[in-house]
Amino acid sequence: MSLQERIRDSLAWRTEMARDRAALGRAFTERQLIARTRAPQAPTSRILAYHTVGMPKMGLNDISLQRIRRQLEMAKIAGYRFVPATELVAQPEDTAPGDRRIALTFDDGFRSILTTVEPLLRELDIPWTAFVCSGLADGDKGHDDYLDWREIEGLAERGVTIASHSVTHPNFATLTAAQTVDELERSRDALRDRLGIETTEFAIPFGQSRDWPETARRAAADAGYTTVYAQSMDRRPTGTVPRTFVTRFDDDRIFRAALGGAYDRWEEWY
């Protein structure tokens, strides 16, 4: 499969997923049920994974500007301090009791991280990481939902950490060995060649435990990545760093539950 075909497949999946009411309904039900039935726990340090802000067509992974602002305020009130994700790469169970640090990451390189997220987090002086897909930044996308290299460079110049999210956002469980290497190496090379960034951080597209086979883990290490971000604490692949996904359904109650680890076994379903 050519690079252009892989990009088309990725974009087609996104469109289908955003419109999939069954997936949205399941996610809504699961997250509400977990928040209601799990006993409240004290907040713990964690890395949050966002996608878009103010792009409703992106479905499950989009939240409003009002909601993310509210979540950041709640985290601050709960005693959190905001840190770069690299500070939390050590396993959360190794942090001191009562430690409350939180890191923000945004996947895919959607336009809203420039138009909405960056002004908000600059105003609040919060560090954050953007994981971008190099093939989409190249302009092989056919629409304007994704940032181009000039725009990504502007984010980097304003202090945003830029790291890799592959070339085309594939499910690594479906790739050949050669495609796996290409996605990992080419995306890292693009950040170096385009922006002068030597990243060693990679976020797994989709991020579920089944999406990162052992062959991908080995290829990532060979490509120069030392930190690979996944999804849930309890179900992530061996050797990866957990993140807590935030969805459009996460009201105050769900967000508090997430900070207390209620969703440490939950993975985004598709």
Side-chain angles (χ1 to χ4, degrees), residues 7 9-32 34-35 46-72 85 102-118 120-121 128-133 135-137 141 143-147 155 160 163-166 168-172 202-212 229-232 235-236 242-251 254-255 257-259 262-264 266-270:
I7 290 175
D9 284 352
S10 174
L11 295 175
W13 178 89
R14 293 177 185 282
T15 300
E16 180 181 351
M17 180 60 187
R19 296 174 180 174
D20 189 340
R21 293 184 179 180
L24 289 175
R26 175 171 172 173
F28 173 81
T29 301
E30 288 178 345
R31 291 184 80 79
Q32 290 287 337
I34 290 170
R46 61 187 57 249
I47 301 169
L48 301 182
Y50 291 91
H51 290 77
T52 63
V53 177
M55 292 180 65
K57 67 180 180 180
M58 297 316 301
L60 177 66
N61 288 329
D62 183 73
I63 68 171
S64 69
L65 176 59
Q66 179 182 12
R67 177 154 287 179
I68 189 173
R69 184 182 286 273
R70 168 67 176 163
Q71 290 171 349
L72 299 177
I102 199 164
L104 307 183
T105 64
F106 290 78
D107 286 4
D108 302 336
F110 282 102
R111 184 157 303 281
S112 71
I113 67 170
L114 173 65
T115 60
T116 306
V117 173
E118 193 276 335
L120 171 66
L121 299 185
W128 58 289
T129 298
F131 292 104
V132 300
C133 299
L136 303 179
K141 53 188 179 291
H143 56 74
D144 295 325
D145 284 342
Y146 297 92
L147 300 178
L155 289 177
V160 179
S164 175
H165 199 38
S166 78
T168 67
H169 200 284
N171 181 338
F172 275 80
F202 182 82
I204 304 169
F206 306 117
Q208 296 188 35
S209 53
R210 65 185 181 186
D211 300 329
W212 192 244
Y229 298 88
Q231 272 202 42
S232 71
R235 301 182 65 183
R236 71 189 190 277
R243 296 187 293 167
T244 299
F245 269 44
V246 182
T247 79
R248 68 182 301 173
F249 302 124
D250 295 358
D251 56 20
I254 291 178
F255 188 68
L259 294 181
Y263 301 97
D264 282 353
W266 188 84
E267 292 184 307
E268 182 183 30
W269 178 79
Y270 63 91

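Index from 1, following the sequence.
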Do [X] and [Y] come within less than 4.5 Å of each other through their side chains, counting heavy atoms only?
X	Y	value
Gln231	Pro242	no
Phe202	His165	no
Met58	Phe110	yes
Thr247	Trp266	yes
His51	Ile63	no
Phe255	Leu259	yes
Leu147	Leu155	yes

Considering all heavy atoms of both residues, which atom of [X] and which atom of [Y] are nearest to each other, and what is their separation?
X	Y	result
Thr244	Arg46	OG1-NH1, 2.7 Å
Ala163	Thr129	CB-CG2, 4.4 Å
Pro205	Phe172	CD-CE1, 3.7 Å
Ala85	Thr105	CB-CG2, 4.1 Å

inquiry  = Between Arg243 and Asp107, does the salt bridge (charged side-chain N to carboxylate O under 4.0 Å, His left out) criterion hold? Intermediate values first, please.
reply    = CA-CA 12 Å; Arg243 296 187 293 167; Asp107 286 4; 2.9 Å; yes
Rounded distance (nearest 0.5 Å) linking atom [atom1] of [X] with atom [atom2] of [Y]:
X	Y	atom1	atom2	answer
Arg70	Ser64	CZ	OG	12.0 Å
Arg248	Met55	CZ	CE	12.5 Å
Ile113	Thr52	CD1	OG1	10.5 Å
Phe206	Glu267	CZ	CD	13.0 Å
Trp212	Arg236	CH2	CZ	14.5 Å
Arg111	Leu114	CZ	CG	7.0 Å

ask   = Does Asp250 pair with Arg67 as a salt bridge, N-O distance under 4.0 Å?
value =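 Judged by the 4.0 Å cut-off on N to carboxylate O distance, Asp250 and Arg67 do not form a salt bridge.
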request  = May I ask you to say whether Asp264 pairs ionically with Arg235, meaning some side-chain N is under 4.0 Å from a carboxylate O?
outcome  = no
query = When the ring planes of Trp128 and Phe106 are compared, do they come out parallel, tilted or perpendicular, using 30° and 60° as the limits?
reply = perpendicular
ask   = Listed by chain and number, what are the side-chain contact (heavy atoms from CB on, under 4.5 Å) partners of Ala35, not counting sequence neighbours?
value = Arg253, Ile254, Ala257, Tyr263
ask   = Excluding sequence neighbours, so at least two apart, what forms side-chain contact (heavy atoms from CB on, under 4.5 Å) with Phe28?
value =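 Checked Phe28 against side-chain contact (heavy atoms from CB on, under 4.5 Å); matches are Gln32, Phe249.
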task = Keeping the roles fixed (side chain from Asp211, backbone from Gln208), state whether a donor-acceptor pair exists under 3.5 Å.
result =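 Side chain of Asp211 to backbone of Gln208: a pair is present.
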Whether Ser112 side chain and Val53 backbone form a donor-acceptor pair below 3.5 Å =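 Yes, because the side chain of Ser112 sits within donor-acceptor range (under 3.5 Å) of the backbone of Val53.
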ask   = Looking at Leu72, Leu104, Ile68, which one forms a side chain to side chain contact (heavy atoms under 4.5 Å, CB included) with Leu48?
value =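 Checked Leu72, Leu104, Ile68 against Leu48; only one passes side chain to side chain contact (heavy atoms under 4.5 Å, CB included): Leu104.
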inquiry  = Checking Tyr229 now: which residues fulfil ring-ring contact (aromatic ring centres under 6.0 Å, His included) with it, not counting sequence neighbours?
reply    =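 ring-ring contact (aromatic ring centres under 6.0 Å, His included) list for Tyr229, sorted by chain: Phe131.
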